[in-house]
Amino acid sequence: MVITLRESDPEGICPASYSRLARQLNASLFNLNHGLRHPFGIYGISLGKCAGRFEDVIKALDPFLSVVNSRQVRAEWFDPLLDAEERLLYSLEEHFDDCFSVLDCFFVETNMRKSNGHVKGFAKRLRPYSKPIGELVNKLKHKNARLRGILLSQDSEIVPGYFLEGIHPDGSIGPDPSIHGGPFGLTAFSFFRDLRRHFVNLFVTSTYLAEVLDQVGAKTCPDDGSKHTWGAELGKQVAALPTTYYPNEVELPNPWMEYAGEEKSTPTLTLSLGNTAPCAKSFRAWPRTSEFEVRVIYRGDSVTRSFKLPYSG
């Protein structure tokens, strides 16, 4: 899916469901049956919370972008970065629930929404993205898991990242094998890919939600010509991040973002997810056979004496 949004478009630069719900709805609403606010209120608050968490991560990344070699990176920089990332993951998980709360507003009872075929199709389309987020958040909440920082560097290129810490069968602590294991061994997430992936998927999720809103009869009144911009400035910041990813990430569906603003008469945000052009040429990852330095930030628990490292063989 490629999403191209222009400021000159009737709906401006914003997620599809945001502009849809901002218009006057020509449909019956049952939000009060469920103790919920208006669906646009639900969606707007949810997006606003996600936006704030994105901005916190980008701000915490700033020190990493201002150094010229890995020796200048300080371990304490990871604390605010990992805290911000954890809050972002929680917000993204909540956003999926908020999308279903929006849909609840168009059904008399929640069971009617849950049994609706179009809504089931929407949940299925979300699953490739929502399921991994849910697994991360569930382990943070219920398995005493923690996010740990990692830094890969090669010459002057510095790529901060993170992994979810988990317990291995031999009792050692390292990247959770159910999330970071695979043919490449134990891996991690680079922040440069991760932020793009989350931002693009917010818009993809919104497109899917807009489609199912139409399918369940959540019709809107004709467009009144007003613009409902959301995400243009944030998209510009995320698109400007470096595009060097971790070695294993070359094999994954990779997000592509481009913000064309000042140099174009009409500011345009283009988003895509996949390994087709232009995505395939939009990033670079170090080959597994190349040499790069790995630094991992662990915090001991006074008991564990054995640790496993990402990209260690």
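The structure displayed is predicted, hence computed values, not measured ones. FYI, side chains are in, hydrogens and waters are out, and symmetry mates aren't considered; it's all heavy atoms of this structure.
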field: pair Pro247-Phe184: side-chain heavy atoms closer than 4.5 Å
entry: no
- line: So the side chain to side chain donor-acceptor pair (under 3.5 Å) pairs with at least one residue in residues 170-185 (sequence neighbours excluded) are Lys139-Asp176, Lys139-Ser178, Asp170-Ser172, Asp170-Lys308, Asp176-Ser178
query: So, do Thr268 and Leu5 sit near enough that their side-chain heavy atoms are less than 4.5 Å apart?
result: no
- prompt: Can we call the ring centroids of His95 and Tyr43 under 6.0 Å apart?
  reply: yes
task: Output all residues satisfying ring-ring contact (aromatic ring centres under 6.0 Å, His included) with Phe96, sequence neighbours left out; order by chain, then residue number.
output: Tyr129
- prompt: What pairs with His38 under side chain to side chain contact (heavy atoms under 4.5 Å, CB included), at least two apart in sequence or on another chain?
  reply: Leu25, Leu29, Phe40
query: Hey, does the side chain of Glu249 reach the backbone of Tyr246 with a donor-acceptor pair shorter than 3.5 angstrom?
result: yes
query: Taking the side chain from Asn116 and the backbone from Val119, do they hold a donor-acceptor pair closer than 3.5 Å?
result: yes
query: If you round to the nearest 0.5 Å, how far is CD of Gln154 from CG of Asn69?
result: 14.0 Å
message: Checking Arg305 now: which residues fulfil side chain to side chain contact (heavy atoms under 4.5 Å, CB included) with it, not counting sequence neighbours?
response: none
query: Are Trp230 and Pro15 close enough that some pair of their side-chain heavy atoms sits under 4.5 Å apart?
result: yes
Full working for side chain to side chain contact (heavy atoms under 4.5 Å, CB included) between Phe189 and Leu164: CA-CA 9 Å; Phe189 300 130; Leu164 184 77; over 6 Å; no
message: Please tell me whether Thr304 and Asp301 have a donor and an acceptor in their side chains that are separated by less than 3.5 angstrom.
response: yes
- prompt: Mind checking what makes salt bridge (Lys or Arg N to Asp or Glu O under 4.0 Å) contact with Asp214, not counting sequence neighbours?
  reply: Arg20
- request: Give the C-alpha distance, both sets of side-chain angles, the deciding distance and a yes or no for side chain to side chain contact (heavy atoms under 4.5 Å, CB included) between Leu195 and Leu88.
  value: CA-CA 10 Å; Leu195 285 174; Leu88 173 60; 3.9 Å; yes
- prompt: Given the rule that I, L, V, M, F, W and Y join up when any side-chain heavy atoms are under 4.5 Å apart, are Tyr259 and Leu65 in one cluster?
  reply: yes
field: Beyond-backbone contact of His118 with Glu211, side-chain heavy atoms, under 4.5 angstrom
entry: no
- request: Check the pair Phe192, Tyr245 against ring-ring contact (aromatic ring centres under 6.0 Å, His included), reporting the backbone distance first and the verdict last.
  value: CA-CA 7 Å; Phe192 301 152; Tyr245 300 166; 7.7 Å; no
message: I'd like to know whether Leu309 forms a side chain to side chain contact (heavy atoms under 4.5 Å, CB included) with Arg295, so could you lay out the CA-CA distance, the side-chain angles of the two residues, the decisive distance to 0.1 Å, and finally the verdict.
response: CA-CA 9 Å; Leu309 305 178; Arg295 288 175 59 186; over 6 Å; no
task: Would you check if Ser156 and Val68 make a side-chain contact, meaning some heavy-atom pair closer than 4.5 Å?
output: no
message: Tell me if a side-chain donor or acceptor on Ser190 pairs with a main-chain N or O of Val159 at a distance below 3.5 Å.
response: no
- prompt: Ignoring hydrogens and geometry, is there a side-chain-to-backbone donor-acceptor pair from Ser272 to Val2 under 3.5 Å?
  reply: no
field: Arg146 bridged to Glu165 by N-O distance under 4.0 Å
entry: no
query: Should Cys105 and Leu36 count as side-chain neighbours, where that means a heavy-atom distance under 4.5 Å?
result: yes
Taking every non-hydrogen atom, the tightest pair across Ser70 and Leu151: CB-CD2, 4.0 Å
- prompt: Can you check whether Pro132's main-chain N or O pairs, donor with acceptor, with Arg127's side chain at less than 3.5 Å?
  reply: no
- request: Report the residues that fulfil ring-ring contact (aromatic ring centres under 6.0 Å, His included) with Tyr208, sequence neighbours left out, ordered by chain and then residue number.
  value: none
field: More than 12 heavy atoms of other groups within 6.0 Å of Arg37 CZ
entry: no
query: Do Ile173 and Tyr298 touch side chain to side chain, with heavy atoms closer than 4.5 Å?
result: yes
Sequence-distant partners of Phe78, ring-ring contact (aromatic ring centres under 6.0 Å, His included), two or more places apart: Phe64
field: Between OG1 on residue Thr205 and NE2 on residue His198, distance to nearest 0.5 Å
entry: 11.5 Å
- prompt: Residues in side chain to side chain contact (heavy atoms under 4.5 Å, CB included) with Val294, at least two apart?
  reply: Ile150, Leu152, Phe292, Val296, Tyr311
Check residues 53-63 and write down every donor-acceptor pair under 3.5 Å in which the side-chain atom is one partner and the other belongs to a residue at least two apart or another chain.
from  : atom 1 : to    : atom 2 : distance (Å)
Arg53 : NH1    : Arg87 : O      : 3.0
Arg53 : NH1    : Ser91 : OG     : 2.8

field: Reported CD1-to-CG distance for the pair Ile133 and Leu126, which is rounded to 0.5 angstrom
entry: 11.5 Å
- prompt: Step by step, would you call Val200 with Ile3 a side chain to side chain contact (heavy atoms under 4.5 Å, CB included)?
  reply: CA-CA 9 Å; Val200 170; Ile3 300 172; over 6 Å; no
query: At what distance, to the nearest 0.5 angstrom, does CD of Glu293 lie from CD of Glu157?
result: 13.5 Å
Side chain to side chain contact (heavy atoms under 4.5 Å, CB included) involving Thr110 - partner list, sequence neighbours excluded: His34, Asp104, Arg113, Lys114
- prompt: Are any non-hydrogen side-chain atoms of Val102 and Leu213 less than 4.5 angstrom apart?
  reply: yes
task: Would you please indicate if the ring centroids of Phe30 and Phe107 are separated by under 6.0 Å?
output: no
query: Among all residues two or more places apart in sequence or in another chain, which pass the ring-ring contact (aromatic ring centres under 6.0 Å, His included) test with Phe100?
result: Phe122
query: For Glu258, which residues count as a salt bridge (Lys or Arg N to Asp or Glu O under 4.0 Å) partner, sequence neighbours excluded?
result: none
- prompt: Say you draw a straight line from CZ of Arg197 to CG of Leu202; how long is it, rounded to the nearest 0.5 Å?
  reply: 11.5 Å
- line: In this structure, CG of Leu234 is separated from CZ of Phe199 (nearest 0.5 Å) by 5.0 Å
message: Would the distance check show the side chain of Arg196 and the main-chain N or O of Ala239 forming a donor-acceptor pair, the cut-off being under 3.5 Å?
response: yes
- request: Please answer whether the main-chain N or O of Asp98 pairs with a side-chain N or O of Ser46 as donor and acceptor at a distance below 3.5 Å.
  value: no
